[in-house]
Amino acid sequence: MLKTVRLFVIYLLLLAPAATGCAAQRAGLTSVGFAIQVGAFSDVKNAERLTKKLQDQGIEAFYFKRENGIYAVRFGDFPRRDDARKAAQKLVKERTIGSYFIAAPQPERSAALRETVIEKAPAPSITKPAKPVKKKEEPVKRDRSDMGGIAARTAERFVGIPYRWGGDTVVDGMDCSGFVRAVYNLCGVNIPRTSREQYRVGDAVGREELKDGDLVFFGGSPDEINHVGIFVGNGRFVHAPRRGDDIKVSSMDESYFQKRFVGAKRYF
């Protein structure tokens, strides 16, 4: 009997590392909390300048193109609305930003809907516009594939934007990972900062199993990843090619990417 108990304990100890490894695979993926959104810029350069100004203060900000074609800047990940409001008001007093919106976390809704559920300073909130959008979005809201599609369509809205993650001080390879991080942030999901860290989390996906919204990674090996993009269907992916270059769509069948493809990950 004692021997049986000992064998059972040893069996459990052997299982422990495997269980820990499985948990680590999903580590680093959290839902985005309340965020601060600033500006309604028709010129992307104005959004870029404000983003750089915030980044120079150590604030992880990014700019993006809304469905109406206007650019906005977003930053922050606060557990409570009051925390986001206090942080925004401090920046207003310091004249870093002007008027702002508080974007509420909407992890189960589309990115388009999430953009409309915002609170304008200093008024309490703008909730009425969200109702008709909700009515429109609900019929097509189903499972994980929908979230992947939302991420892919959000990524496509960045195409043509000269994306500079961190301005002139950005390190090589940060533009591409910063871009995909910004897209996922708009979809309500936090992913790690660098492409190598992003590759360490999520579920591995084979090339033949790729779906909209999956991240595709490139480099010399799994330990030498230096580029990442968002798969958008038909063998194509959206990415920031190099520092300061425009966001673009490329084919995974291009010789360069075909040779350097390392793998893909899914996060929804």
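Numbering of residues begins at 1 and proceeds along the displayed sequence. Side chains included, hydrogens not; waters and symmetry mates left out as well; all remaining heavy atoms used.
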Enquirer: Checking salt bridge (charged side-chain N to carboxylate O under 4.0 Å, His left out) for the pair Asp253/Arg207: CA distance, chi angles, key distance, verdict?
Expert: CA-CA 11 Å; Asp253 291 331; Arg207 181 164 179 165; 3.2 Å; yes
Enquirer: Do Lys90 and Glu94 make a side-chain contact, defined as non-hydrogen atoms from C-beta onward lying under 4.5 Å apart?
Expert: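 Lys90 reaches Glu94 side chain to side chain.
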Enquirer: Could you walk me through whether Gln57 and Thr96 pass side chain to side chain contact (heavy atoms under 4.5 Å, CB included), step by step?
Expert: CA-CA 10 Å; Gln57 295 187 23; Thr96 301; 3.3 Å; yes
Enquirer: Pick one: which of Ile161, Ile247, Thr154 meets side-chain contact (heavy atoms from CB on, under 4.5 Å) with Lys65?
Expert: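 Only match with Lys65 under side-chain contact (heavy atoms from CB on, under 4.5 Å): Ile161.
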Enquirer: Is the Lys NZ or Arg CZ of Arg66 less than 6.0 Å from the centre of Tyr71's six-membered ring, within 45° of the axis?
Expert: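 Judged by the rule, Arg66 and Tyr71 form no cation-pi pair.
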Enquirer: Measure the CG-CZ distance between Asp83 and Arg81 for me, rounded to the nearest 0.5 Å.
Expert: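 If we round to the nearest 0.5 Å, Asp83:CG and Arg81:CZ are 11.5 Å apart.
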Enquirer: For residues Ser99 and Val38, report the shortest heavy-atom separation together with the two atoms involved.
Expert: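 Smallest heavy-atom distance, with atoms named: O-CG1, 3.6 Å.
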Enquirer: Between Asp212 and Gly148, is there a donor-acceptor pair closer than 3.5 Å when you use the side chain of the first and the backbone of the second?
Expert: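 No.
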Enquirer: Starting from the C-alpha separation in whole Å, work towards a yes-or-no answer on side chain to side chain contact (heavy atoms under 4.5 Å, CB included) for Gln89 and Arg85.
Expert: CA-CA 6 Å; Gln89 289 174 346; Arg85 188 186 294 111; 3.5 Å; yes
Enquirer: Ignoring hydrogens, what is the shortest heavy-atom contact between Ala155 and Val238? Give both atom names and the distance.
Expert: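 Smallest heavy-atom distance, with atoms named: O-CG1, 3.7 Å.
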Enquirer: Between Arg266 and Asp203, is there a salt bridge with N-O shorter than 4.0 Å?
Expert: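 Salt bridge absent between Asp203 and Arg266.
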Enquirer: State, with a plain yes or no, whether a side-chain heavy atom of Leu50 is found less than 4.5 Å away from one of Asn46.
Expert: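 Side-chain contact under 4.5 Å: no.
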Enquirer: For the atom pair CG (Asp77) and CG (Asn185), what is the distance rounded to the nearest 0.5 Å?
Expert: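 Reported to 0.5 Å precision, the distance equals 7.0 Å.
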Enquirer: To the nearest 0.5 Å, what is the distance between SG on Cys176 and CD1 on Ile225?
Expert: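 Reported to 0.5 Å precision, the distance equals 10.5 Å.
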Enquirer: Take Phe237 and Phe218 through the ring pair (Phe, Tyr, Trp, His ring centres under 6.0 Å) test and state the conclusion after the steps.
Expert: CA-CA 12 Å; Phe237 66 101; Phe218 305 89; 5.1 Å; yes
Enquirer: Identify the heavy atoms of Gln55 and Ala61 that sit nearest to each other, and give their distance.
Expert: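 Residues Gln55 and Ala61, closest heavy atoms: NE2-O, 2.9 Å.
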Enquirer: Would Arg236 and Phe231 count as a side chain to side chain contact (heavy atoms under 4.5 Å, CB included) if you check the C-alpha gap in whole Å, the side-chain angles of each, and the deciding distance to 0.1 Å?
Expert: CA-CA 6 Å; Arg236 303 170 303 128; Phe231 188 74; 6.0 Å; no
Enquirer: Evaluate side chain to side chain contact (heavy atoms under 4.5 Å, CB included) for Val32 paired with Val189, printing each intermediate quantity in order.
Expert: CA-CA 5 Å; Val32 177; Val189 178; 5.6 Å; no
Enquirer: Determine, for Asp223 against Arg196, whether the closest basic-nitrogen to carboxylate-oxygen distance falls under 4.0 angstrom.
Expert: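 Result for this pair is no, no salt bridge flagged.
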Enquirer: Cation-pi check, Lys265 to Tyr199: give yes when NZ or CZ is under 6.0 Å from the six-membered ring centre and within 45° of the ring axis, no otherwise.
Expert: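 Checked: cation-pi criterion met.
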Enquirer: Applying a strict under-4.5 Å side-chain criterion to I, L, V, M, F, W and Y, I'd like to know whether Val201 and Val262 cluster together.
Expert: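 The answer is yes; both residues are in one hydrophobic cluster.
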Enquirer: Give a yes or no on whether Val228 and Val205 share a hydrophobic cluster (residues Ile, Leu, Val, Met, Phe, Trp, Tyr; joining criterion: side-chain heavy atoms under 4.5 Å apart).
Expert: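 Unlinked, Val228 and Val205 end up in two clusters.
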Enquirer: Does any non-hydrogen side-chain atom of Pro105 lie less than 4.5 Å from one of Phe34?
Expert: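 With C-beta onward as the side chain, the pair touches.
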Enquirer: With clusters defined by side-chain heavy atoms of hydrophobic residues (ILVMFWY) lying less than 4.5 Å apart, directly or transitively, does Ile230 cluster with Tyr256?
Expert: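 Different clusters.
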Enquirer: Return the CZ to CD1 distance between Arg80 and Ile102, rounded to the nearest 0.5 Å.
Expert: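 Atom-to-atom, Arg80:CZ and Ile102:CD1 are 13.0 Å apart.
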Enquirer: For the hydrophobic clusters of this structure (ILVMFWY residues joined by side-chain heavy atoms under 4.5 Å, transitively), does one cluster hold both Val180 and Met252?
Expert: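 Val180 and Met252: separate clusters.
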Enquirer: Looking at Glu197 and Arg193, is any side-chain nitrogen of the basic one under 4.0 Å from a carboxylate oxygen of the acidic one?
Expert: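 Result for this pair is no, no salt bridge flagged.
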Enquirer: Is it the case that one hydrophobic cluster holds both Tyr63 and Ile70, taking links as side-chain heavy atoms less than 4.5 Å apart, direct or via other members?
Expert: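 Different hydrophobic clusters.
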Enquirer: Relative to each other, are the rings of Phe257 and His227 parallel, tilted or perpendicular (30° and 60° limits)?
Expert: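 Phe257 and His227: parallel rings.
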Enquirer: Are a donor atom and an acceptor atom from the side chains of Gln198 and Ser177 found within less than 3.5 Å of each other?
Expert: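 No, Ser177 and Gln198 have no side-chain donor paired with an acceptor closer than 3.5 Å.
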Enquirer: Could you please spell out the steps behind the salt bridge (charged side-chain N to carboxylate O under 4.0 Å, His left out) verdict for Lys52 and Asp56?
Expert: CA-CA 6 Å; Lys52 187 177 186 305; Asp56 288 343; 3.2 Å; yes
Enquirer: Compare every heavy atom of Gly213 with every heavy atom of Ala152, then report the nearest pair and how far apart it is.
Expert: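 So the two residues come closest at CB-N, 3.9 Å.
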Enquirer: Would you check if Val249 and Glu156 make a side-chain contact, meaning some heavy-atom pair closer than 4.5 Å?
Expert: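 Of all side-chain heavy-atom pairs linking Glu156 with Val249, none is under 4.5 Å.
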Enquirer: Please walk me through it: do Phe158 and Phe179 pass ring pair (Phe, Tyr, Trp, His ring centres under 6.0 Å)?
Expert: CA-CA 9 Å; Phe158 280 80; Phe179 159 63; 5.2 Å; yes
Enquirer: For residues Leu186 and Phe62, determine if any side-chain heavy atom of one lies less than 4.5 Å from a side-chain heavy atom of the other.
Expert: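 SC-SC contact between Leu186 and Phe62 confirmed.
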Enquirer: With a 4.0 Å cut-off, would you call Lys211 and Asp214 a salt bridge?
Expert: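 Salt bridge between Lys211 and Asp214, a charged N being under 4.0 Å from a carboxylate O: no.
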Enquirer: Report yes if the side chains of Arg74 and Phe64 come closer than 4.5 Å at any heavy-atom pair, otherwise no.
Expert: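 With C-beta onward as the side chain, the pair touches.
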Enquirer: To the nearest 0.5 Å, what is the distance between CE on Met147 and SG on Cys187?
Expert: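 One finds 5.0 Å between CE of Met147 and SG of Cys187.
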Enquirer: Considering non-hydrogen atoms only, spot the tightest contact between Phe217 and Ser195 and give its length.
Expert: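 Taking Phe217 first and Ser195 second, the nearest heavy atoms are CE2-O, 3.3 Å.
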Enquirer: How long is the straight-line distance from OG1 of Thr194 back to CZ of Arg181, given to the nearest 0.5 Å?
Expert: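 Reported value, rounded in 0.5 Å steps: 9.5 Å.
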Enquirer: Please name the pair of heavy atoms, one in Ala87 and one in Ile36, separated by the smallest distance, quoted to 0.1 Å.
Expert: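 Heavy atoms of Ala87 and Ile36 come nearest at CB-CD1, 4.1 Å.
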Enquirer: Under 4.5 Å between any side-chain heavy atoms of His239 and Ser250, yes or no?
Expert: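 A side-chain contact under 4.5 Å exists here.
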